Amino acid sequence: MTEVDLQFMIMTLLSPADLCRLGATSRYWKAIIQDPLLWRYFLIRDMPHWPSVDHVTMPRLEALQSPLCEGEEGMEVSGHDFMTDYLKGCPAGRRQWFPLKPTWVVTSFFQSLVSTTMEPRYAMFGPGMEQLDVSMVTRLMHSPDVLPVAGIPQRQINGIGSGISFMYKNQHKFNILTLYSANRAERERARVEQQAVSNKLFIQNGTDESGNPQFSPTPQVQEVCQAVDGFIYVANAEPGRGGEAEAAQIQALVDPALGSTSRPLLVLSCVSREEPDPITSSSSSTTRSRTPCVDMAQRLCLPLLPNPWMVQDTVADSLAGVLDGISWLLRCSGRRL
């Protein structure tokens, strides 16, 4: 084993933060710690444990498909900067990469004044609202310590209702319109039998050239899409769940023909509960019996959307992760938190 091989093995045992500190000690170590194979290893190892990812910090997963034995020269030719991908995507580095004034927030004085005085409205939909053993919507309604209910506005959207207003940190009011795929009896039967329910929010328009389904929202749902300031998609992140129609249905709701592409999409990647790992002895360890955020973003084809988006790990029972997602959503809507 050469000295360089030994150095590489030792560096894999360090944390990325320690590596960056090591790189600041000299030009030699600065060059050594930038080895793309090293950061590719960290990405593959750590990405499944990241609690969130967004359109700014999503790593280029296609770059990870090349063989691990490929040399540094080949990666340089391909232009893959795995170190940057890691540092901007890992939880410790994301705050530094999040823009203080996102480009999709209006900048004129008049527009910003209107944006901050109106109550933003978000359409919430997705299988995670219906398939899990714990109802996240019900938990939201009865968790004043997380998001107090601020009222039910008296404005209607053609058969959909007015939604429910919540208060974020006793300062920012926002409204959520819940869009269910079917009536309550049909949803409950499908959940118990673990069968797919016929989704009445969409009309299927055949398939595209690749055989993927294509959808359009029903007229009522189109009216909702035109009235809201963003979207919340509750995905079922439990193992073995997810369907091929999900990405197509999301694309149908955020269709530019129905509203601005500046409207954000928050994906709550939800499981019913998250239990301590029985295999490990550490009490701080939890199972990763969920679809990782980066895999969820790929499954839903989010990198193809023109809208700003974020995937956030969420637990329906405890509502863990919900406030982080709502915070991002409100910032994208122009709120100064």
Side-chain angles (χ1 to χ4, degrees), residues 53-55 58 104 120-132 136-137 156-163 175-183 186-187 190-191 195-237 241-270 291 293 295-312 314 325 328-329 332-333:
V53 69
D54 60 31
H55 66 289
M58 178 72 176
W104 57 88
R121 307 177 77 183
Y122 305 109
M124 176 185 282
F125 66 110
M129 291 169 50
E130 308 173 10
Q131 297 174 352
L132 301 177
M136 194 188 73
V137 175
Q156 299 287 316
I157 297 181
N158 190 19
I160 299 294
S162 57
N175 183 274
I176 292 181
L177 290 157
T178 52
L179 303 179
Y180 289 102
S181 62
N183 63 47
E186 291 173 325
R187 299 196 312 266
R191 186 189 68 81
Q195 300 293 326
V197 65
S198 177
N199 197 320
K200 298 178 181 178
L201 298 176
F202 302 94
I203 301 169
Q204 186 164 354
N205 301 322
T207 58
D208 59 18
E209 295 178 353
S210 301
N212 299 315
Q214 292 182 312
F215 297 91
S216 61
T218 63
Q220 286 182 327
V221 176
Q222 288 187 32
E223 188 175 348
V224 172
C225 293
Q226 293 166 347
V228 298
D229 302 289
F231 303 90
I232 303 173
Y233 184 80
V234 186
N236 187 342
R241 304 309 294 263
E244 60 179 11
E246 286 186 285
Q249 291 171 354
I250 289 175
Q251 290 173 0
L253 257 65
V254 303
D255 187 339
L258 300 176
S260 171
T261 58
S262 66
R263 295 181 298 175
L265 168 67
L266 169 64
V267 175
L268 297 178
S269 185
C270 199
T291 302
C293 281
D295 292 343
M296 181 65 73
Q298 284 292 99
R299 184 176 103 186
L300 301 178
C301 300
L302 300 183
L304 301 179
L305 298 179
N307 306 65
W309 57 266
M310 176 188 182
V311 181
Q312 172 67 51
T314 311
W328 177 87
L329 198 60
C332 289
S333 298

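Just so it is clear, the structure is predicted and the values come from calculations on it, not from any experiment.
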Undergrad: What pair of heavy atoms forms the shortest contact from Leu179 to Met129, and how long is it?
TA: O-CE, 4.0 Å

Undergrad: In Å and rounded to the nearest 0.5 Å, what is the CD1 to CZ distance from Ile176 to Phe231?
TA: 13.5 Å

Undergrad: Given side chains that start at C-beta, do those of Leu266 and Leu268 come closer than 4.5 Å, heavy atoms only?
TA: yes

Undergrad: Donor-acceptor pair, distance only, cut-off 3.5 Å: does the side chain of Asn307 make one with the backbone of Arg263?
TA: yes

Undergrad: How many angstroms lie between OG1 in Thr291 and CD in Gln298, if you round to the nearest 0.5 Å?
TA: 13.0 Å

Undergrad: Do Val137 and Met124 come close enough that some side-chain heavy atom pair is under 4.5 Å?
TA: yes

Undergrad: Checking side chain to side chain contact (heavy atoms under 4.5 Å, CB included) for the pair Val267/Leu300: CA distance, chi angles, key distance, verdict?
TA: CA-CA 10 Å; Val267 175; Leu300 301 178; 3.9 Å; yes

Undergrad: Shortest non-hydrogen contact from Asn175 to Leu177?
TA: OD1-CG, 3.9 Å

Undergrad: When you measure from the side chain of His55 to the backbone of Trp309, do you find a donor-acceptor pair of N or O atoms at a distance under 3.5 Å?
TA: yes

Undergrad: Show me the donor-acceptor pairs, under 3.5 Å and distance only, between side chains in residues 250-259 and residues at least two apart or in other chains.
TA:
{"unit_1": "Asp255", "atom_1": "OD1", "unit_2": "Ala257", "atom_2": "N", "d": "2.9"}

Undergrad: For Thr207, which residues count as a side chain to side chain contact (heavy atoms under 4.5 Å, CB included) partner, sequence neighbours excluded?
TA: none

Undergrad: Without hydrogens or angle criteria, can the side chains of Gln214 and Asn205 be said to hold a donor-acceptor pair below 3.5 Å?
TA: no

Undergrad: Which heavy atom of Ala297 sits nearest a heavy atom of Val53, and at what distance?
TA: CB-CG1, 4.5 Å

Undergrad: Would a distance-only check, ignoring hydrogens and angles, find a side-chain to backbone donor-acceptor pair under 3.5 Å from Asp229 to Arg121?
TA: yes

Undergrad: Using the test side chain to side chain donor-acceptor pair (under 3.5 Å), find all partners of Glu130 that sit at least two apart in sequence or belong to another chain.
TA: Ser181

Undergrad: Rounded to the nearest 0.5 Å, what separates atom CD in Gln312 from atom OG in Ser269?
TA: 9.0 Å

Undergrad: Measure the spacing between OH of Tyr122 and CD1 of Ile232 and express it to the nearest 0.5 Å.
TA: 7.5 Å

Undergrad: Say you draw a straight line from CG of Asp54 to SG of Cys293; how long is it, rounded to the nearest 0.5 Å?
TA: 10.5 Å

Undergrad: Applying side chain to side chain donor-acceptor pair (under 3.5 Å), can you list everything that pairs with Ser260, at least two apart in sequence or on another chain?
TA: Ser262

Undergrad: Let me know which of Gln222, Gln249, Glu223 forms a side chain to side chain contact (heavy atoms under 4.5 Å, CB included) with Pro217.
TA: Gln222

Undergrad: Tell me, please, which residues at least two apart from Tyr233 pass ring pair (Phe, Tyr, Trp, His ring centres under 6.0 Å).
TA: Phe125

